[in-house]
Amino acid sequence: MESSKTTEDHTRSLLTRLAGPSTNKAGLQSVDKEKVNKIIYEVSKGSAFFENEVKRDAAVTEKINSMLSNYEKIKTQDLTADLVIVDTQLIELDQTRDLSQHICHIDMDAFYASVEERDRPELKSKPMAVGSLGMLTTANYEARKYGVRSAMPGYIAMRLCPQLIIVPNDFAKYTEVSGQIRRIFEKYDPDFSPMSLDEYVSTSELTVEAVIEQIRDEIFRETGLTASAGIAANKMLAKICSDINKPNGQYLLPNDRYAIMEFIAKLPVRKISGIGRVTERILEALEVKTCGDIYTQRGILYKLLSPINFGFLLRVYLGIGSTKIESDGARKSISVERTFSTLSKEEDLYNKLKEIAMKLADDLKEENLKCKTITIKLKMPSFQTVTRSKTICRYIQTGHDIFKYDAELPVSLRLMGLRASSFISSDDTQNMGLKRFFSSIPPSEMTSPSKKAKTYSASQENELDRDGVDLIKITTNDDYACPVCTHVLKNIDNTQFNAHIDICLNTVELKTILTTQSVSGTNEPQHSPSPKPTATGSSSLLNYFGNSSRQNPG
DNA sequence: TCCCCTTAC
DNA sequence: GAATGTAAGGGGA
């Protein structure tokens, strides 16, 4: 009986996982979730994605089980002393409560879908989603009745609702409309903060129900789109409230401690921004379903969770959240990733990676940031994902290195991504061409203090831009790392280095041509300037790949 | 510091 | 007939 119950739980968690992240979104309440989940399951079964999800789900289950075995031990313990600590913490937290202002969260209703409906009114009465057969970004309310939702593959949506109309994404249009809405908001609150294309947070003396009505009305008159709003004492509560009367409605939660506590107590924890599918499962295992349960279970939560997570839950229970309008804190990383139909050829992968690197460089430039750490992310056709990061920013080299052809290690990928992080706070605003971010690293930021970074400067720029590869001078004594072949060239000057780069690049080009013309499976083409491409400092990625390819052939 | 996981949209 | 995204933060070792 015990085991059949766990299998049942297991299946249920998998079904829920497959159903995706947004099953509680507005408009989905009336759906027969069981039936929808079953269809999703049937359609998904056997796919690589599915198998990967099964694994991930099992990992979460294991994590929960180990936590539960701890729970069993603690259950019987006397937690009196712990409760004293927790209750003191609660009192202290409660004193930080700020009820001095109204925060408003405005959220456009089914934003992309509504824009499309506005432009093609005949779609309004029909189930419609925005996206592609591969992936939907959102669905109108008519489609949601069938269980169609955002982040669902379109072909699965078609099974749930065969008459579904799928309209392609038009991000340029959505961005434009978003701009319109932001301008309206600015009139009411110059300090408002856009959370995304369709969410905005604001505060002001004027932020009372009537003003919010007025803003929503103005948005509607100007764009033909409806918005929903939540008004409460902090961002966390306001966000929850904006969902209550969606679509085209608003909800005000009074700035009153008792009202807030009562409101939050009966709220399922999953409604809290930051608590997702996994945390929901963990909490459920610990007998916490509503925010009120956090209090009941505070003793064991205190024992079982990290102080940070526990503190977060206490704040949730008290209904305390951030009241700052400006986005909290500076950005910590920027990344670009792309999914594509599976690529295996080194050249293809290399080119793709280069594209991604260029995009990332542009984004960094736009934000005037320099980074110290580069993380590469790779997703196999099996959906198994790995990341590797390096703190000396030589990703072009490692990136290229990874994909050196090795007959023994064919590699196929469905996604590659690059992330920049560990930003250097700097007032150096010149030479921020952040393809150039490597060369902008101040000496103090180099991993080895003895090495000093110097920049190849303007004179090379055009030539370098040609290939989007920057040059890094990594030592003081005229040693250069070639970004193409990764070889460190000792004691050469700029001219020699450039000559080397040219040869290298030509070789790569030649190699590309040769490879495309020849049958695959040939050995690595000669790459004369690079005597031993695998013998570089970046071989950890290579090593990884060696291992993982063997583990996951095909 | 690095790798993975989780989350929101 | 196949087809499941992108960006960011943070925890734990």
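A, B, ... follow the sequence lines: proteins, then strands. Residue 1 opens every chain. Note: hydrogens, waters and symmetry copies are ignored here, and every other heavy atom, side chains too, is used.
Distance alone, capped at 3.5 Å, places no donor-acceptor pair between the A:Arg118 side chain and the A:Leu225 backbone.
One finds a side-chain N or O of A:Ser389 lying less than 4.0 angstrom from the OP1 or OP2 phosphate oxygen of B:dC3. Put simply, A:Thr387 has a side-chain N or O that comes within less than 4.0 Å of OP1 or OP2 on B:dC4. Taking 4.0 angstrom as the limit, A:Lys379 places none of its side-chain polar atoms (N or O) nearer than this to OP1 or OP2 of B:dC4. Considering only side-chain N and O atoms, A:Lys239 lies under 4.0 angstrom from the phosphate OP1 or OP2 of B:dC9. For the OP1/OP2 pair of B:dT7 and a distance below 4.0 Å, the side-chain nitrogens and oxygens of A:Thr279 include at least one atom meeting the criterion. Contact annotation: A:Arg277 does not reach the phosphate of B:dT7 (side-chain N/O to OP1 or OP2, under 4.0 Å). Contact annotation: A:Lys332 reaches the phosphate of C:dG10 (side-chain N/O to OP1 or OP2, under 4.0 Å). For A:Arg338 and C:dA7, the shortest distance from a side-chain N or O to OP1 or OP2 is below 4.0 Å. Between A:Thr391 and B:dC2, a side-chain N or O to OP1/OP2 separation shorter than 4.0 Å is present. At least one side-chain nitrogen or oxygen of A:Ser333 sits closer than 4.0 Å to the OP1 or OP2 atom of C:dG9.
In terms of position on DNA chain B, the residue among A:Ala59 and A:Ser273 whose nearest nucleotide sits closer to the 5' end is A:Ala59. Residue-to-nucleotide proximity on DNA chain C shows that, of A:Ile156 and A:Glu337, the 5′-proximal contact is made by A:Ile156. Ranked by how close their nearest DNA chain C nucleotide is to the 5' end, A:Asp363 and A:Phe383 are led by A:Phe383.
Side-chain contact, A:Asn169 with A:Thr137: a donor N or O sits under 3.5 Å from an acceptor N or O.
On a pure distance criterion of 3.5 Å, no polar donor-acceptor pair joins the side chain of A:Arg414 and the base of C:dG5.
Here A:Leu18 lies out of heavy-atom contact (under 4.0 Å) with every strand. Heavy atoms of A:Ser132 sit nowhere under 4.0 angstrom from any nucleic acid atom. At the heavy-atom level, A:Lys359 lies nowhere under 4.0 Å from the strands shown.
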Would A:Ile64 and A:Ile282 satisfy side chain to side chain contact (heavy atoms under 4.5 Å, CB included), going step by step from the backbone distance to the final call?
CA-CA 6 Å; A:Ile64 289 175; A:Ile282 292 172; 3.8 Å; yes
For A:Arg183 and A:Glu186: C-alpha separation, side-chain torsions, deciding distance, then whether side chain to side chain contact (heavy atoms under 4.5 Å, CB included) applies.
CA-CA 5 Å; A:Arg183 282 190 287 280; A:Glu186 258 158 5; 4.1 Å; yes
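Counting all heavy atoms, side chain and backbone alike, A:Met236 lies closest to A:Arg315 at CE-O, 4.3 Å.
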